[in-house]
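This report concerns only the one structure given below.
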Amino acid sequence: MLEKITIERQKEIENEVFGDTKKYLENCLDNYSEYVSVAQKLFPEAYNKIRYFDQKYNILDHLTEYDDATKANNIDLQIILLKREIERGIYTPGTYERLAKTYEKKNDIESAYKACIAWFETDFWKLPNTADGSLRILKRLKRLEEKYGT
């Protein structure tokens with residue numbers, strides 16, 4: 001039987017979201033079920049945006065196009081495709097992470113940094129199912145800040 005989450009516990013988790021991002025994301029991974037249950041209450045609009053995106057777009061088409069551009073080593077096309085999906089409202093941290101990596105390949109550090117920041121400007125990073133990818137982007141963001149002083 002699932003344990004009922006108290007209002008107090010929900011408030012604690014909500015405070016984590018707006019406190020230490022890394023700690024919140026790590027707790028999402030460590031206490032996945034509890035955090036999903038709370039996230040569904042706190043961020044219903046993010047879940048609605050995911051459903052909307054999935055109804056409107058086929059994510060597999062995006063991945064196929066991106067893979068083709070990668071195989072052709074067409075970095076400019078990769079950037080165009082990734083930015084298009086972000087503009088459409090894609091909810092996958094991997095898209096933002098790939099964009100940051102691609103910009104780094106072009107030595108465009110400022111754009112790589114902005115791609116990382118853009119992820120954390122969405123509500124999707126707050127969802128426990130994106131915690132692993134969000135932690136990777138957070139790590140990249142910190143590395144870019146330390147290495148380049150961005």
Side-chain angles (χ1 to χ4, degrees), residues 10 12-150:
Q10 183 173 319
E12 288 173 11
I13 292 171
E14 187 174 7
N15 288 336
E16 281 182 28
V17 173
F18 302 105
D20 184 342
T21 301
K22 183 179 180 199
K23 180 182 177 191
Y24 170 74
L25 293 170
E26 289 170 344
N27 286 339
C28 283
L29 295 175
D30 293 341
N31 306 292
Y32 185 76
S33 295
E34 177 185 34
Y35 277 64
V36 166
S37 180
V38 171
Q40 290 172 337
K41 294 175 186 170
L42 294 177
F43 313 113
E45 189 58 35
Y47 288 100
N48 289 337
K49 287 178 183 177
I50 289 171
R51 281 190 287 281
Y52 174 79
F53 186 91
D54 286 345
Q55 289 170 357
K56 190 166 183 177
Y57 304 107
N58 183 347
I59 200 165
L60 295 178
D61 290 342
H62 155 69
L63 293 173
T64 300
E65 287 179 300
Y66 177 79
D67 287 344
D68 290 345
T70 302
K71 287 175 189 168
N73 200 28
N74 189 337
I75 291 174
D76 292 329
L77 181 56
Q78 289 172 36
I79 290 171
I80 289 168
L81 294 170
L82 294 166
K83 286 174 70 175
R84 179 189 71 191
E85 294 310 306
I86 289 169
E87 288 168 6
R88 287 179 173 176
I90 198 163
Y91 54 87
T92 58
T95 303
Y96 291 78
E97 185 177 20
R98 285 184 195 110
L99 183 59
K101 284 180 184 179
T102 305
Y103 277 129
E104 279 191 82
K105 283 181 190 174
K106 286 189 74 160
N107 228 4
D108 186 348
I109 304 309
E110 183 179 349
S111 294
Y113 180 80
K114 287 179 180 177
C116 294
I117 292 292
W119 171 248
F120 290 101
E121 290 174 344
T122 72
D123 284 334
F124 301 126
W125 77 267
K126 300 171 187 171
L127 306 180
N129 60 311
T130 66
D132 192 44
S134 295
L135 282 167
R136 286 193 312 272
I137 294 171
L138 186 62
K139 184 178 179 181
R140 178 177 297 279
L141 181 63
K142 298 300 180 194
R143 182 182 56 75
L144 288 168
E145 287 174 345
E146 290 170 6
K147 191 171 182 181
Y148 300 103
T150 52

With rounding to the nearest 0.5 angstrom, report the [atom1] to [atom2] distance, [X] to [Y].
| X | Y | atom1 | atom2 | answer |
| --- | --- | --- | --- | --- |
| I13 | N27 | CD1 | CG | 8.5 Å |
| L99 | I80 | CG | CD1 | 11.5 Å |
| N129 | L127 | CG | CG | 5.5 Å |
| I79 | I75 | CD1 | CD1 | 7.0 Å |
| S134 | F120 | OG | CZ | 5.0 Å |
| N58 | L63 | CG | CG | 9.0 Å |

Which residues pass the salt bridge (charged side-chain N to carboxylate O under 4.0 Å, His left out) test with [X], sequence neighbours left out?
| X | answer |
| --- | --- |
| K22 | E26 |
| D123 | K126 |
| D76 | K106 |

Could you list the residues that satisfy ring-ring contact (aromatic ring centres under 6.0 Å, His included) with [X], not counting sequence neighbours?
| X | result |
| --- | --- |
| Y96 | W119 |
| F43 | none |
| Y35 | Y24 |

- Could you tell me which residues satisfy side-chain contact (heavy atoms from CB on, under 4.5 Å) with F53, sequence neighbours excluded, listed by chain and number? Y57, E85, R88, I90, Y91
- Residues in side-chain contact (heavy atoms from CB on, under 4.5 Å) with E65, at least two apart? L81, R84
- Task: Would you mind checking if R140 and E145 are paired as a salt bridge, meaning a charged N to carboxylate O distance below 4.0 Å?
- Result: no
- Item | Note: K114-E110 ion pair, threshold 4.0 Å (strictly below) | yes
- Query: So, do L29 and L25 sit near enough that their side-chain heavy atoms are less than 4.5 Å apart?
  - Reply: no
[X] to [Y] - nearest heavy-atom pair and separation:
| X | Y | value |
| --- | --- | --- |
| P128 | Y47 | CD-OH, 4.0 Å |
| C116 | A100 | SG-CB, 3.9 Å |
| A112 | L144 | C-CD1, 3.9 Å |

- Counting heavy atoms not belonging to K139, are there more than 12 under 6.0 Å from its NZ? no
Partner residues of [X] under the side chain to side chain donor-acceptor pair (under 3.5 Å) criterion, sequence neighbours left out:
| X | answer |
| --- | --- |
| K147 | none |
| K83 | none |
| E97 | R136 |
| D67 | none |

- Item | Step-by-step side-chain contact (heavy atoms from CB on, under 4.5 Å) determination, T130 to T92 | CA-CA 7 Å; T130 66; T92 58; over 6 Å; no
With no hydrogens and no angle check, is any side-chain donor or acceptor of [X] less than 3.5 Å from a backbone partner on [Y]?
| X | Y | answer |
| --- | --- | --- |
| S111 | D108 | no |
| N31 | E34 | no |
| T102 | R98 | yes |

- Derivation of the side-chain contact (heavy atoms from CB on, under 4.5 Å) call for L138 and W125: CA-CA 10 Å; L138 186 62; W125 77 267; over 6 Å; no
- Message: The test is side-chain contact (heavy atoms from CB on, under 4.5 Å); show your working for T21 and E16 and say whether it passes.
- Response: CA-CA 7 Å; T21 301; E16 281 182 28; over 6 Å; no
- Trace of the side-chain contact (heavy atoms from CB on, under 4.5 Å) decision for V38 with E14: CA-CA 8 Å; V38 171; E14 187 174 7; 6.0 Å; no
